[in-house]
Amino acid sequence: MTRWDRIRKAIHKRRREGPDDADLPGVPAEAEDRRPSWLLDITVALLLAVADAGALVGVALLLFPLALPHTPPPAGSSLRSQSVSLLPLAIIWFLPAVFALSALTQSRLRMPFTATVQVLFLALATLFSIGLTRALLSSP
């Protein structure tokens with residue numbers, strides 16, 4: 001019975017005081033609560049903004065010629081599914097998936113500026129993908 005009492009007391013102590021230094025060698029107890037500096041956060045946000053803008057422009061240049069032949073005449077606005085390969089649709093929706101994963105990663109790393117920039121590019125990429133999907137699925 002004394003063994004269980006010691007275990008229970010140790011668990012209670014860890015919950016009250018946090019983990020011991022012996023449990024995490026080389027890592028201070030407050031390392032989990034720290035976040036990157038504001039300067040690093042803003043720098044990463046600016047670098048990712050430039051990279052994301054380049055990715056959006058690159059995908060637009062590659063996929064707009066593919067989607068333009070499928071655009072409907074000005075009078076028609078109905079969407080009809082036709083035989084569209086899944087490869088263009090997968091390419092179109094890959095970019096928003098990458099932006100969503102990046103925004104989630106940056107928010108888990110506690111980098112609010114970078115996560116905000118990633119969410120804005122996620123919204124732009126989603127609107128862009130919706131437009132290209134409509135252009136691919138519309139009747140000729």
Under the salt bridge (charged side-chain N to carboxylate O under 4.0 Å, His left out) definition, can you give me all pairs with a residue in residues 38-50, not counting sequence neighbours?
Arg35-Asp41
Just grab all the salt bridge (charged side-chain N to carboxylate O under 4.0 Å, His left out) pairs involving residues 84-103, residues at least two apart or on different chains.
none
Across all chains, not counting sequence neighbours, the side-chain contact (heavy atoms from CB on, under 4.5 Å) partners of Leu61 are Val57
Hydrophobic clusters join Ile, Leu, Val, Met, Phe, Trp and Tyr when side-chain heavy atoms are under 4.5 Å apart, directly or via other members; which others share one with Met111?
Leu40, Val44, Leu48, Leu109
Which Ile, Leu, Val, Met, Phe, Trp or Tyr residues join Trp38 in one cluster when any pair of side-chain heavy atoms under 4.5 Å counts as a link?
Ile42, Leu46, Phe113
Please tabulate, for the side chains in residues 86-103, all donor-acceptor contacts under 3.5 angstrom to protein atoms that are two or more places apart in sequence or on a different chain.
{"unit_1": "Trp93", "atom_1": "NE1", "unit_2": "Thr133", "atom_2": "OG1", "d": "2.9"}
{"unit_1": "Ser102", "atom_1": "OG", "unit_2": "Gln118", "atom_2": "NE2", "d": "2.7"}

Any link between Leu120 and Leu124 through a network of hydrophobic side chains (Ile, Leu, Val, Met, Phe, Trp, Tyr) touching at under 4.5 Å?
no
